[in-house]
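For reference, the structure is listed below as structure tokens.
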Amino acid sequence: MRNTMAIAKREFQSYVNSPIPYILVTAYIVTAGYMFFKQLFMPGAQADMRHFFENMPLLFCLIIPFITMRLVAEERREGTLELLLTMPITDWQLVIGKFLAALGLMGVLLLLTVAFPITVASLGPLDKGVTVASYFGALLMSGAFVAIGIMASAFTRSQIVAALVAFFIGFALYLLGALMGVLPPALAPIAAGLSIAAHFMNIARGVIDTRDVLYYASVIFVCLIVAQTTLDSRRWR
């Protein structure tokens with residue numbers, strides 16, 4: 001556990017010392033805020049957070065690949081990955097540490113958006129239970145996107161390639177939810193079961209279903225296992 005937290009602290013500090021996370025976090029808050037308040041102040045709009053959370057899956061799909069692209073790819077490109085793997089840490093500890101650092105950054109991003117529900121609460125009654133459940137679902141969803149990004153970053157030494165691979169995987173899982181209405185009835189349940197956005201919107205309705213939590217836990221676990229296996233295979237090359 002100590003090794004994992006040391007890796008997480010190291011990676012989180014690298015985020016603090018880099019301008020890219022600040023740019024991405026600012027871009028997300030400005031974009032999400034514009035899209036949300038544009039809907040909020042339309043005639044007849046209700047004082048709720050529905051539109052804010054509806055936009056979240058697509059925006060996460062766009063920004064998280066740029067947060068995770070350097071986590072392993074940069075280590076491989078600069079040759080520091082081999083040095084890390086010779087230290088008394090396991091591949092799994094390395095992967096988990098990097099995952100926790102990126103998830104921590106997403107947690108900070110979500111914390112900064114708390115100003116939005118505070119604003120809504122000042123305009124009218126806010127369903128606090130639904131809002132808390134939605135933030136919980138957002139953290140789970142961001143964990144899934146982060147795990148996908150780390151897996152993609154483990155595949156290559158190019159950060160751009162890692163970002164593109166993570167985006168296309170994440171966007172494919174997002175697109176399944178958007179296509180549910182046009183798919184044949186027999187395929188719609190399968191698309192809903194695989195959709196990263198559909199499970200989030202289930203939680204965002206205020207109902208935390210074990211199936212939705214299990215979906216995100218499964219995506220995170222599988223992607224991190226693939227990343228760990230990819231790193232482990234380097235020992236035999």
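Computation of the quantities below employed the complete heavy-atom set of this structure, encompassing side-chain atoms and omitting hydrogens, waters and symmetry-equivalent molecules.
Taken together through direct or relayed side-chain contacts under 4.5 Å among Ile, Leu, Val, Met, Phe, Trp and Tyr, L214 and L194 form parts of separate hydrophobic clusters. Follow the hydrophobic side-chain contacts under 4.5 Å out from F52 and you reach I29 in the same cluster. No single ILVMFWY cluster, assembled from side-chain heavy atoms under 4.5 Å apart, contains both V30 and F116. There is no path of hydrophobic side-chain contacts, each under 4.5 Å, that joins I118 to V130. No path of Ile, Leu, Val, Met, Phe, Trp and Tyr side chains, each step under 4.5 Å between heavy atoms, connects V132 with L111, placing them in separate hydrophobic clusters.
For the pair D91 and L231, the tightest heavy-atom approach, listed with the atom from each and the gap, is OD2-C, 3.9 Å. The shortest heavy-atom contact between L110 and M56 is CD2-CE, 4.1 Å. The minimum heavy-atom distance linking P65 with A163 is given by the pair CB-O, 3.4 Å. Nearest approach of L140 to I220, heavy atoms of both residues: O-CD1, 4.3 Å. Among all heavy-atom pairs drawn from A166 and I148, the shortest one is O-CG2, 3.9 Å. Closest of all the heavy-atom pairs between A102 and L71 is CB-CD1, 4.0 Å.
Between the CZ atom in F60 and the CE atom in M106 there is a gap of 3.5 Å [rounded to 0.5 Å]. Here L100 contributes atom CG and F12 contributes atom CZ; the two are 11.5 Å apart, rounded to the nearest 0.5 Å. Expressed to the nearest 0.5 Å, how far CG of N55 lies from CE of M35 amounts to 3.5 Å. The OG atom of S142 sits 9.5 Å away from atom CD1 of I63, with the distance rounded to the nearest 0.5 Å. Going from atom CZ of R70 over to atom CD of Q159 covers 7.0 Å, rounded to the nearest 0.5 Å. Note that SG of C61 and CD1 of I196 are 8.0 Å apart. Values are rounded to the nearest 0.5 Å.
Checking I23, L59, L62 one by one against Y28, the side-chain contact (heavy atoms from CB on, under 4.5 Å) holds for a single residue, L59.
Side-chain N/O atoms of T113 and Y135 include a donor and acceptor closer than 3.5 Å.
Distance alone, capped at 3.5 Å, places no donor-acceptor pair between the T4 side chain and the G97 backbone. The backbone N or O of G193 lies less than 3.5 Å from a partner atom in the side chain of H199, making a donor-acceptor pair. S153 places a side-chain N or O within 3.5 Å of a backbone atom of M69 that can act as its donor or acceptor partner. For Y15 (side chain) and Y22 (main-chain N/O), no donor-acceptor pair under 3.5 Å exists by modelled atom type. Side-chain N or O atoms of E11 include none that pairs as donor or acceptor with a backbone N or O of A8 at under 3.5 Å. Within the 3.5 Å criterion, the main-chain N or O of S14 finds no donor-acceptor partner in the side chain of S18.
Here the side chains of M151 and V165 are not in contact, with every heavy-atom distance at 4.5 Å or above. Put simply, the side chain of L24 reaches to within 4.5 Å of the side chain of I67, judged on heavy atoms. Looking only at side-chain heavy atoms (C-beta outward), F66 and F167 stay at 4.5 Å or farther from each other. Between D209 and V213 there is no side-chain heavy-atom pair separated by less than 4.5 Å. Side chains of T90 and L94 form no contact here, defined as non-hydrogen atoms less than 4.5 Å apart.
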Discussion item. With side-chain contact (heavy atoms from CB on, under 4.5 Å) as the criterion, how do R2 and Q93 come out once you've worked through the C-alpha distance, each side chain's angles and the decisive distance to 0.1 Å?
Written reply: CA-CA 9 Å; R2 181 181 301 176; Q93 290 172 335; over 6 Å; no

| message | One pair to check against side-chain contact (heavy atoms from CB on, under 4.5 Å): V207 and I203. What are the steps and the verdict? | response | CA-CA 5 Å; V207 179; I203 298 176; over 6 Å; no

